[in-house]
Structure formats: structure tokens, C-alpha cells
Amino acid sequence: MVYAEPMARAVVEPAVAELLGRFPRGGEFSTTVSLGGDDFSMYAHIRAKRTRPGVARVSVACWVVNRDTARYLGGSPPSEAETLLPPEGTADPDEPLTRRVVGCLATRMGAYAAQPDADGHFVIEVPVGV
């Protein structure tokens, strides 16, 4: 998908920076961000936690919600649950999209290799100011 790099640059990277800036120490913090158009919206669930001095663990899971006109005309518009991962919602992470977004994010942030975790997120370790 051609939108992975803009997704990483436009909404995921700023969200990671905000989470790490707002919560420099302590627990894991998360947010969900989106980038969309008329026919679809891409969502990313982001978790960030500083793990040791100068390093943070960032986990990302991405998915797409179809919002095209045919779906609306067919009487099946997207539900709020589709914009959230379980247990609050019904969204399923899209592994290829997540890999591409995390790859772009890792390149932009000078991160270490991405690894999948148990719940559809991909994890990278990023260097951060102490």
C-alpha cells in the first residue's frame, strides 16, 4: 500500500514523539491515530514505553476500515467497533500494512529491528533523549 510511508510520517511518528515526551518515565502509554480519505481510513494503535536510558520500546498495529460508497449504499456503514482493537473493538491488525508502516517508522527514527509480538503489533526499539 502506497500510504504506509505517509501514515508513518504524518500520524504515527508524531504520536510516538508525543507519548514519549509526555510520559518520559514509568509505565506503558498508548493511543490510536488515523489517516483517511473518502473510501477508507487507516488506523494505528501505538504503545510506547521507555525501557532503559536512551531507549524506548514502541509497538504498532495497523488496520484499514473500508468507508467506500458501495458499503454505505449496501446498508452496511462501518461501526465504531471497527476502529478499535479487541477487547474494545473488532478490528484485526493488517500484518503487511503494519510491517510497512513500522519499517518506515524505524528508518525515520533510527530504530532497531522490528519483531512481531503476540497481539498483532510489531515492536521496535528507538533511541530517545535521556
Side-chain angles (χ1 to χ4, degrees):
M1 179 175 279
V2 71
Y3 297 104
E5 199 270 333
M7 175 78 169
R9 186 173 17 108
V11 295
V12 175
E13 185 177 356
V16 168
E18 183 176 338
L19 285 174
L20 293 173
R22 251 194 205 174
F23 308 107
R25 308 244 186 284
E28 182 173 84
F29 299 94
S30 66
T31 190
T32 300
V33 294
S34 66
L35 177 71
D38 294 333
D39 291 340
F40 66 91
S41 290
M42 292 188 304
Y43 289 84
H45 181 255
I46 304 157
R47 297 186 297 232
K49 178 180 182 175
R50 289 186 187 239
T51 55
R52 59 187 186 273
V55 178
R57 184 184 70 231
V58 175
S59 305
V60 179
C62 299
W63 65 98
V64 176
V65 175
N66 183 356
R67 299 184 179 282
D68 69 1
T69 305
R71 184 168 180 188
Y72 279 107
L73 293 177
S76 180
S79 68
E80 183 67 26
E82 291 176 83
T83 67
L84 302 169
L85 292 175
E88 295 87 10
T90 61
D92 287 322
D94 179 326
E95 183 179 329
L97 174 60
T98 300
R99 279 184 185 275
R100 288 190 297 276
V101 169
V102 169
C104 293
L105 182 67
T107 299
R108 294 184 56 78
M109 297 187 82
Y112 309 108
Q115 299 295 323
D117 70 5
D119 65 356
H121 288 69
F122 274 76
V123 181
I124 56 176
E125 288 192 334
V126 298
V128 294
V130 180

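What's counted below: heavy atoms across the whole structure, side chains too, no hydrogens, waters or symmetry copies.
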Is it true that [X] and [Y] fall in one hydrophobic cluster, defined by side-chain heavy atoms closer than 4.5 Å?
{"X": "Val11", "Y": "Phe40", "value": "yes"}
{"X": "Val58", "Y": "Phe29", "value": "yes"}
{"X": "Val101", "Y": "Leu20", "value": "yes"}

- Query: Between Ile124 and Val102, does a side-chain contact (heavy atoms from CB on, under 4.5 Å) hold up when you go through it step by step?
  - Reply: CA-CA 8 Å; Ile124 56 176; Val102 169; 3.5 Å; yes
Quick check: closest heavy atoms across [X] and [Y], and the distance to 0.1 Å?
{"X": "Pro86", "Y": "Ala91", "value": "CD-O, 3.2 Å"}
{"X": "Gly120", "Y": "Pro93", "value": "O-CB, 3.7 Å"}
{"X": "Ala61", "Y": "Leu85", "value": "CB-CD1, 4.2 Å"}

Pairwise distance [atom1]([X]) to [atom2]([Y]) - rounded to 0.5 angstrom:
{"X": "Gln115", "Y": "Glu125", "atom1": "CD", "atom2": "CD", "value": "10.0 Å"}
{"X": "Ser34", "Y": "Met7", "atom1": "OG", "atom2": "CE", "value": "7.0 Å"}
{"X": "Glu13", "Y": "Met109", "atom1": "CD", "atom2": "CE", "value": "5.5 Å"}

Got a sec, which residues hit side-chain contact (heavy atoms from CB on, under 4.5 Å) with [X], two or more places apart in sequence or on another chain?
{"X": "Thr31", "answer": "Ala15, Leu19, Val33, Ile46"}
{"X": "Glu28", "answer": "Arg47, Lys49, Arg57"}
{"X": "Pro96", "answer": "Asp94, Arg100"}
{"X": "Thr90", "answer": "Ala81, Glu82"}

- Message: Can you confirm whether Val60 sits close enough to His121 that some side-chain heavy atom of one is under 4.5 Å from a side-chain heavy atom of the other?
- Response: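 No, their side chains stay 4.5 Å or more apart.
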- All ring-ring contact (aromatic ring centres under 6.0 Å, His included) counterparts of Phe122, not counting sequence neighbours: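 For Phe122 there are no ring-ring contact (aromatic ring centres under 6.0 Å, His included) partners, ignoring immediate neighbours.
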- Message: Which residues pass the side chain to side chain donor-acceptor pair (under 3.5 Å) test with Glu18, not counting sequence neighbours?
- Response: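 By the side chain to side chain donor-acceptor pair (under 3.5 Å) rule, Glu18 matches Arg22.
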- Message: Going by ring pair (Phe, Tyr, Trp, His ring centres under 6.0 Å), name the pairs with one or both residues in residues 49-68, residues two or more places apart or in two chains.
- Response: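 Applying ring pair (Phe, Tyr, Trp, His ring centres under 6.0 Å) to every pair that reaches into residues 49-68, excluding sequence neighbours, yields Tyr43-Trp63.
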- Item | Thr98 side chain vs Cys62 backbone, donor-acceptor pair below 3.5 Å |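 Indeed, once roles are kept as given, a pair shorter than 3.5 Å links the two residues.
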